[in-house]
Amino acid sequence: MSRDAKTPPAGYDVQREHMLDFKVDEQLAKVVESDAKNFILTTVDEVFNWAKLSSIWPVTFGLACCAIEMMATSATRYDIDRFGAGAFRATPRQADLMIVSGTVTGKMATRLKRIYDQMPEPKWVIAMGSCAIGGGPYFKYGYHVVKGVDQMVPVDVYVPGCPPRPEVLLEGLMRLQDKIRGRKGRFVTPKWVTDYAKKIPYRK
Amino acid sequence: MEQNAIYELLAGHLGEGALAWHEDAVEPWAEIAPERIADACLFLRDDERLDFNQLMCLSGIDWDGYDENGKGKSVAILGYTDEGQPETTDRTADGDLGVAYHLYSHAQRHKFTLRVRVAREVAEVPTVSHVWPTAAWHEREAWDLVGIRFAGHPDLRRMLLDEAWEGHPLRKDYVMPAMWEGVPMEGRPLAKNPFPATEPATGDDGPGGPTPPAEA
Amino acid sequence: MNVGLPHYLTVGAILFALGLFAVMSRRNAIGILMGVELMLNASNINFVAFSRYVENAVDGQVMAAFVIVLAAAEAAVALAIVLAMYRNYGTANADIAQRLKR
Amino acid sequence: MVQSFQDIYAAVHSALVGMGVTIKHIWKRPVTLQYPDERQVMPPRFRGFVHNDMTKCDSCGICAKLCPVDCIYIETEGKGKDRWMTRYAIDYNKCIWCSLCTENCHTGSITMSHDYDHSVYDRQSLVYEFMDPREQKIPCHRATRVELGWWVEPKEEKAKPAKPKAEAKPETEAKPETEAKPGAGSDAKPGADKPAAGDRPAGDKGEDK
Amino acid sequence: MEILTSWLQGLPGFGGMSDQGLFITGAVIMATLMFTVMALCAIVFTWMERKVAGFIQSRYGPMRTGRWHGWAQAIADMLKILGKEDIIPAEADKGLFVFAPLLVLLGSLLAWAAVPWAPGFTAADLDLGLFYIFAASSMVVIGILMAGWSSNNKWALYGAARGAAQMVSYEIPLALATIPVILHTGSLNTQDIVIAQQGGIWHWFVLRDPFLFVAFWMYFIASIAETNRGPFDMPETESELVAGYHTEYTGMRFAFFFLAEYANLFLVSLIAVMVFLGGWWSPIPGLDFAPALTFVIKGVLMVFLNMWVRWTLPRVRVDQLMYLCWKVMIPVTLLCIVGSGILMITSGAAG
Amino acid sequence: MATGKIMNNGWADQDHVPGIKSELLELNMGPQHPATHGVLRLLLKTDGEIVYQVTPVLGYLHRCAEKIAEGVNYKQWVVYTDRFDYLAPMCCNHAYVTAVEKLMDVEVPERAEHLRVVTAELSRIASHLIALATFGLDMGAWTPLLYCFREREEILNLLERMAGGRMLYNYMIPGGVRYDVPDDSWVGDVLDFITMLERKKLKDYNDLLSYNKIFIERTADVGVIDEATAKAYACTGPVLRGSGVKFDCRRDDPYSVYHKFDFEIPVGTGEMGTVGDCWDRYMVRVREIEQSCRIIRQALDTLPDGSYQAIPLNKIVKVPAGAAYSRTESAKGEIGHYIISDGGQTAFRNKVRSPSFCNLQVVEKVGVGQMVSDLVALVGSLDIVLGEIDR
Amino acid sequence: MTGDLIFILLALLTLVPAVWVVLSRNLVHAGFALLFTLLGAAGLYASMAADFLAVTQLMVYIGGVLVLVLFTVMMTHVPRGRENHGLDRYVPAAVFALLVFGVLYKTITAVHWHAVTPEAEPTIARIGTKVMTDYIFPFEYVSLVLLAAMIGAALLTREYRPTDTEDAPSDAGEDAEVAS
Amino acid sequence: MSMTIPLGTVTGLQANYATVFVFILVGFVFAGIALGAAKLLRPSNPSPAKATTYECGEMPIGSSWVRFNVRFYLVALFFIIFDVEVIFLYPWAVVFKHLFPVPGMGPIVFWEMIIFLAILTLGLAYVWVKGDLAWVKKLAQHPASTTPAVAPAEEEVPAS
Ligand code: SF4
Ligand code: SF4
Ligand code: SF4
């Protein structure tokens with residue numbers, strides 16, 4: 001079977017990803033329109049937003065299994081550098097993004113908070129993996145696991161999975177870019193969930 | 001060497017009173033009086049017929065609620081509820097604590113299992129870290145998680161948890177912490193049904209509601 | 001103002017005086033050394049000024065170059081001494097070291 | 001002296017060899033998959049988001065029980081024939097995509113989809129609600145379901161028609177499995193692997209596009 | 001400069017300007033130009049580095065920023081850095097902390113003054129050009145020490161100590177490696193050095209005699225070390241010292257280090273081109289159409305070589321670095337000087 | 001030489017006191033540091049570049065796995081074993097199911113064992129690739145990292161086809177494996193891959209890294225763990241073998257079907273320096289990749305037909321009361337499970353003896369007197385994975 | 001005019017930091033202030049057409065001596081980089097320094113210098129020639145001095161030296177050193 | 001090469017150095033502009049936590065302003081000596097070509113520098129042989145040396 005399909009499989013909507021490009025599309029236009037009073041400012045803002053979203057430098061912050069997937073994301077096959085986010089900085093001082101990739105334990109949580117604090121603004125956090133999102137598999141008996149990193153630091157994007165595939169992290173990054181761009185991106189619940197819900201015949 | 005033969009040798013060294021032999025188990029094991037364990041280990045290591053130069057594993061065990069006859073009656077441990085709150089119970093644990101040693105000899109290629117059992121209130125076993133350096137960390141871990149103190153250990157600090165941590169998690173009656181040094185350990189109830197009968201689900205980012213945006 | 005020799009010499013003199021002040025007031029051996037460097041620089045300024053405005057030859061400059069070189073050598077040795085002193089007496093303070101010596 | 005020249009030679013030589021390896025790669029086409037524009041086709045067993053086909057599920061709760069992380073929330077109301085499911089949700093805050101839930105579903109309704117990329121801005125949105133009780137409730141009891149006309153055949157029957165439909169996937173392991181495993185367990189598997197073709201989209205937009 | 005001032009004189013508004021005014025205007029324009037080039041090379045080379053690294057590692061590197069192969073990546077980086085918050089650690093020595101990046105930047109900017117871009121086109125056509133370049137860039141060392149010390153961060157301190165020791169050490173082979181060339185040219189003026197290599201590839205100093213060839217490679221290695229890159233990135237060693245001396249630096253101040261790093265990278269490459277690789281002369285005599293372009297292209301090729309090395313080799317250890325410098329490179333360069341001198345004498349080139 | 005002298009090579013700290021001890025710089029390497037491979041924290045006391053004391057501080061990834069083992073049933077717990085050594089999850093699965101089977105006394109079908117061996121060995125290769133990669137990265141070589149990850153992706157793809165998960169598989173169950181070979185081409189693809197790896201890629205790594213002079217200089221004679229130390233600290237796996245001890249559970253304490261296969265146990269020979277130095281440990285991994293390829297080839301060539309599950313997938317596993325310690329050779333070394341069962345659905349106690357935990361301990365001893373860079377090399381060459389140290 | 005301005009700027013660049021060097025309580029600050037003094041001095045040399053000297057100043061003083069000084073300051077670790085000194089020394093030192101300055105200034109102003117301002121010329125060739133001819137012996141002598149300085153400094157800083165209180169063999173450390 | 005623009009006393013040769021001076025000023029101006037622009041653009045939200053020193057997520061133990069290891073100092077020390085050597089080599093190299101043909105000067109010029117180099121090389125050889133260029137690397141090779149480190153939990157390694 002061909003794994004390396006270079007083209008999207010049937011039914012995949014390429015269009016939706018083009019929200020990434022630095023181009024005013026409808027939704028962005030709406031945002032812009034509302035600010036249209038000060039055109040220059042908006043443009044400058046736009047340019048800087050573009051810069052911010054095109055150059056998100058993550059801090060090298062690997063915690064657990066997900067960190068390996070984070071590495072895989074930055075590695076050959078998925079290459080997060082394509083998004084300009086490949087410049088992993090070892091020090092939080094120069095980073096924009098903290099990818100909390102893995103289980104946040106009680107002992108680590110304070111350190112995580114400190115590292116987050118030490119990052120200069122503007123800064124973002126991606127919670128990667130079930131553990132970082134909500135304790136994941138360690139929810140029930142994890143006496144030493146923080147159930148959700150959002151209890152420690154504000155999280156911008158949640159990337160589900162255990163571990164999330166590299167693609168998902170990339171997708172999360174794109175959602176973060178959307179967020180920086182000033183819009184909340186597209187509807188987030190996958191369509192198939194609601195589709196199936198719709199298919200069920202009504203009672204009565 | 002056969003397990004029985006090893007036991008014979010060990011028994012010869014320690015004298016009969018100090019140990020008991022459980023032969024029919026999946027893995028035969030010798031139960032040793034706690035105060036003799038270091039002695040026994042030294043013997044096992046230094047006797048050239050035995051030559052147990054590797055301590056494969058050292059496990060601390062909380063025997064509370066264990067049913068020897070194996071009817072699956074062990075007590076359920078406490079966790080967090082779905083809402084993320086720590087579960088509590090009135091039950092007080094009372095069983096013994098124990099330590100199991102698994103030994104291996106690179107030269108003789110045989111294994112041996114030792115166990116000691118101490119009362120919960122005593123919870124102190126002599127260290128074997130001078131016999132096998134590797135025991136140092138295992139013992140620290142056992143102290144950390146099960147709360148067995150190892151007498152004579154050079155550096156008996158907690159291993160995995162913080163020094164300030166309360167309780168020993170692998171004890172059967174351990175109650176999960178709700179908060180630790182300002183870090184919330186409890187979960188947040190996420191399982192709430194987002195569809196209260198009256199309120200409509202809303203929003204772009206709202207939970208997966210039935211109102212997807214119109215597709216192109 | 002037409003900048004000429006006296007101006008440079010004055011700068012040199014001020015620098016020299018500052019260096020002297022540092023040498024006298026500093027207790028830390030390295031501070032003293034810095035003062036010495038200032039004084040050497042002052043003398044170098046003078047050398048160059050004379051070489052330019054009086055003699056118009058490069059001898060003064062060669063001299064100054066030698067001074068720089070020797071200053072480097074001096075700094076190397078002096079700082080090594082400071083370190084040795086620091087190691088032996090636990091301080092880089094010249095006075096204290098002197099007292100300890102006894 | 002000789003040694004140090006040998007060292008220098010070794011250093012230069014090995015550096016050149018290494019540089020040969022790297023320069024070789026410059027001309028090669030990168031192996032990178034340019035994700036948003038290119039995607040790989042997932043293998044049949046791929047475990048994406050868990051999906052539950054609500055038309056089949058009878059809220060027996062096996063999946064919730066088997067889930068190691070307790071992330072399936074099933075709520076019902078009523079009793080016996082009048083038992084209705086009011087909620088079926090999977091909490092991706094916790095789900096670890098282990099597929100244990102799909103193994104034992106006796107109706108084969110819960111499956112691992114091939115959809116995997118849905119980042120969200122809000123942790124709440126990761127609780128996927130598979131039904132909206134305001135719109136409908138789902139009858140649990142078999143008799144009620146039959147009565148209401150949405151009875152779905154038990155898996156044994158379901159599995160077989162499903163197989164030919166999955167012809168797109170070259171996997172054929174369903175056969176040895178059924179031989180190997182006695183009872184209903186054998187049929188949990190195909191359900192886990194195979195999307196009922198046409199029902200389940202590969203991408204989030206669905207194949208109906 | 002002369003070209004510039006005479007050109008300025010020809011401009012309408014500048015005709016009546018005094019000579020001093022003209023001179024200052026010219027100098028300011030030149031400095032601005034150099035600064036722009038410097039900033040530009042940081043932008044171009046960060047992008048290039050990421051692409052080269054990408055392709056070496058069989059991936060793409062930046063692809064999406066600005067559509068075509070992420071050409072706008074470095075611009076975005078710079079803009080973003082401009083908008084980053086500036087943090088001065090509470091424990092730091094504030095004055096020095098603030099000043100250190102400026103010094104590093106200045107050190108590399110100053111050195112740019114003497115680069116011979118094209119015949120007669122040098123910002124400051126110094127008689128001591130080459131010497132001056134080395135001297136000016138030695139200020140960077142102080143900047144790095146300052147940065148590391150003032151951060152009051154242990155990793156930064158390590159980085160600074162290593163960096164300073166490394167940079168001062170490698171300054172020697174760097175300077176020594178150029179001396180055989182000076183023997184041939186008899187001038188330190190950068191223009192003169194390039195002019196002396198006229199006449200095709202065989203007149204480039206790198207191919208003049210075997211000692212010069214060795215000296216070139218010594219220079220190349222020393223220049224990598226001097227710019228703290230490649231296998232010699234001891235001060236920044238990501239895997240050891242978190243980010244070295246700029247661990248605590250954020251935003252624009254970090255960008256200055258960044259800028260200086262790439263400016264220095266290009267600078268040492270340009271010097272290599274100028275001293276050994278025939279400056280603006282094209283390999284084939286008589287084909288010198290665009291001197292400045294030739295010069296820059298050669299420089300970029302050197303930068304590429306530099307990157308290639310960087311992405312291939314593992315990093316050496318501190319002591320090995322020092323070993324290499326003091327026990328291999330300095331003796332070898334000294335040997336090159338003597339050997340080249342003797343060759344000059346025997347071949348009658350001296351005189 | 002007196003102790004004080006060494007201390008005094010750095011200078012005194014307090015004023016006025018002659019001959020006082022120098023102040024050592026205390027610094028934290030980790031928990032967030034690129035060289036500690038996760039969230040390990042090494043508390044260093046250094047003098048300049050020389051490390052005087054290393055104290056590993058663990059627990060930053062303590063995920064309470066052993067507690068969870070007492071709460072979830074045997075099959076669910078497989079999921080958590082994946083997450084110990086998340087670089088070689090199959091090996092961890094294998095270790096665990098072996099232990100459970102030992103207690104349950106079930107006969108595992110041959111085919112299942114073969115599949116286990118194949119997947120575990122693939123996993124081992126993947127893990128070793130990461131070990132090479134990160135070790136190279138510690139040494140400052142970026143590019144091998146990317147190459148190794150590229151090859152690892154292939155393995156992950158193969159395993160994903162097999163088990164459905166990309167990184168964490170949940171593939172083995174007590175009594176067999178969850179799935180059979182996915183499709184007809186899978187076996188061929190695996191063989192193709194290992195052939196390619198053996199023929200081409202390993203050569204690339206060797207050219208780029210193993211035999212690079214700088215790399216050798218950085219790793220040979222560095223962080224030497226001699227045989228006695230390795231044994232005393234119960235080091236296992238490549239660390240022990242790097243010290244020249246020919247010991248491998250797969251051979252010396254056979255489990256599964258490893259006794260059927262013909263493979264060698266590479267040991268450190270001190271080819272570039274001393275036996276037991278970082279280079280040896282590194283090279284043992286490279287050679288083990290070759291051996292794993294051999295094993296895979298044999299296992300696939302002799303892949304028997306038949307069932308692959310002794311216990312049906314939908315059966316809840318109950319283990320008779322008793323206790324057993326079972327050990328297997330994972331990518332990092334000997335992983336042991338000590339399971340005490342009381343006859344119920346969940347284990348009464350499940351102690352995991354993780355190889356990295358024991359291997360790391362040696363840092364306290366060997367790390368002393370190294371340079372900071374060498375310490376990085378030492379830690380890198382131990383190839384620890386925090387998920388299994390902290391559990 | 002511009003020349004004057006440049007001179008004034010350079011003189012200020014030399015002198016103001018020099019004051020800082022003298023007065024700063026933090027030795028590291030003093031060291032960094034010294035940087036500017038040296039830079040200013042180099043500028044002054046350049047303005048006097050002593051370009052070789054200016055560049056030498058940059059290279060040796062700033063690139064070398066200053067680095068050395070800073071290293072030493074950092075090594076001797078004055079707590080928080082501060083030096084305690086009281087006023088007791090300032091007064092006599094200031095008086096004496098002012099006195100010296102007075103004398104010097106008097107001399108400068110009193111003497112009528114027969115100053116000339118010739119055209120500036122490139123100096124390096126002339127210096128080179130001078131060194132090779134007139135100053136040949138000082139030149140060789142300098143090399144000896146440097147050798148001595150190097151050996152002396154190396155001796156002084158060698159790591160395992162006997163001290164007053166301890167009497168370990170002086171070179172014991174070296175045997176164990178691994179020349180790597 | 002020198003330009004003759006009457007610039008007060010800054011004439012001819014110095015003109016180029018004046019350019020350098022302008023470079024310094026322009027450098028500062030540009031840096032100032034960059035910092036100023038950044039100041040306008042960047043958010044500023046200081047907090048005590050943000051200003052803590054980064055040390056891998058832990059709180060630093062003590063100040064980092066402690067003394068360095070002497071090694072780094074030694075390197076700088078040797079550098080300074082060789083730096084001076086370079087200083088003299090440059091004038092020599094410049095005049096070598098011109099002075100060598102001068103009758104009577106050739107051998108002097110050549111040998112003078114050879115002697116100069118030889119003397120300094122002697123110094124290099126001295127420190128080399130004495131081991132000052134080597135880093136003390138293996139503490140473990142000093143038998144007594146492991147003791148200063150607070151003994152970790154280790155005992156005698158048993159013979160195995
Ligand atoms: S989410 Fe899963 S893969 Fe990620 S850290 Fe947690 S357990 Fe590991
Ligand atoms: S096991 Fe299947 S039928 Fe039962 S509740 Fe779960 S999904 Fe529904
Ligand atoms: S995949 Fe695993 S974790 Fe997720 S719902 Fe199913 S059983 Fe639970």
Side-chain angles (χ1 to χ4, degrees), chain G residues 1-4 6-7 9-10 43 46-49 51-52 54 56 59-60 63-65 67-68 71-72 74-77 79-81 117 119-122 124-125 127-129 131-133 136 139-140 142-144 146-147 149-151 153-154 157-159 171 173-174 176-180, chain H residues 1-2 7-14 16-18 20-21 63 65-70 72-74 76-81 83-88 90-96 98-99 105 108-109 112 115-116 119-120 122-124 126-127 130-138 141-142:
Chain G
M1 184 52 218
T2 318
D4 292 353
I6 289 181
F7 170 77
L9 281 178
L10 287 175
S47 76
M48 285 186 281
D51 53 351
F52 175 71
T56 305
M59 189 127 173
V60 175
V65 175
V67 173
L68 207 58
F71 265 129
T72 321
M74 292 171 193
M75 252 180 298
T76 50
H77 178 211
R80 303 286 291 183
T117 38
E119 192 57 29
E121 296 170 44
I124 183 156
I127 289 175
T129 318
V131 167
M132 293 296 133
T133 53
I136 184 157
F139 175 65
E140 296 299 343
V142 158
S143 70
L144 281 175
L146 288 174
L147 177 68
M150 175 138 118
I151 292 176
T157 36
R158 191 146 304 153
E159 300 206 359
D171 283 338
E174 280 167 32
E177 279 175 11
V178 178
S180 48
Chain H
M1 217 74 5
S2 56
L7 288 171
T9 56
V10 185
T11 54
L13 177 109
Q14 292 105 310
N16 285 317
Y17 286 93
V20 173
F21 194 71
S63 166
W65 286 333
V66 297
R67 44 121 213 83
F68 284 1
N69 186 277
V70 68
F72 295 110
Y73 168 79
L74 278 177
L77 197 154
F78 300 139
F79 160 73
I80 220 174
I81 305 295
D83 209 21
V84 168
E85 174 181 335
V86 173
I87 297 297
F88 281 114
Y90 270 117
W92 170 73
V94 169
V95 295
F96 179 73
H98 309 296
L99 275 189
M105 282 302 291
I108 295 180
V109 169
E112 188 186 0
I115 291 169
F116 184 76
I119 290 174
L120 281 171
L122 208 66
L124 181 66
Y126 172 80
V127 289
K130 280 291 183 184
D132 285 322
L133 291 178
W135 287 59
V136 181
K137 204 182 124 197
K138 293 278 188 291
Q141 290 179 356
H142 307 252

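Residue numbers begin at 1 in each chain, while the letters A, B, ... track the order of the sequences.
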**Q** Counting heavy-atom pairs under 4.5 Å with chain H, which one of G/Ala54, G/Gly64, G/Gly43 comes out on top?
**A** G/Gly64

**Q** Give, for atom CE of G/Met59 and atom CG of H/Asp83, the distance between the pair rounded to the nearest 0.5 Å.
**A** 4.5 Å

**Q** Nearest 0.5 Å, please: how far is CG in G/Leu144 from CD1 in H/Ile115?
**A**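 The CD1 atom of H/Ile115 sits 10.0 Å away from the CG atom of G/Leu144.
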
**Q** Roughly how far apart are H/Ile119 CD1 and G/Met150 CE, rounded to 0.5 Å?
**A** 12.0 Å

**Q** If you round to the nearest 0.5 Å, how far is OG1 of G/Thr56 from OH of H/Tyr90?
**A**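 Answer rounded to 0.5 Å: 11.0 Å.
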
**Q** Please report the closest heavy-atom contact between G/Phe52 and H/Ile87, naming both atoms and the distance.
**A** CZ-O, 3.7 Å

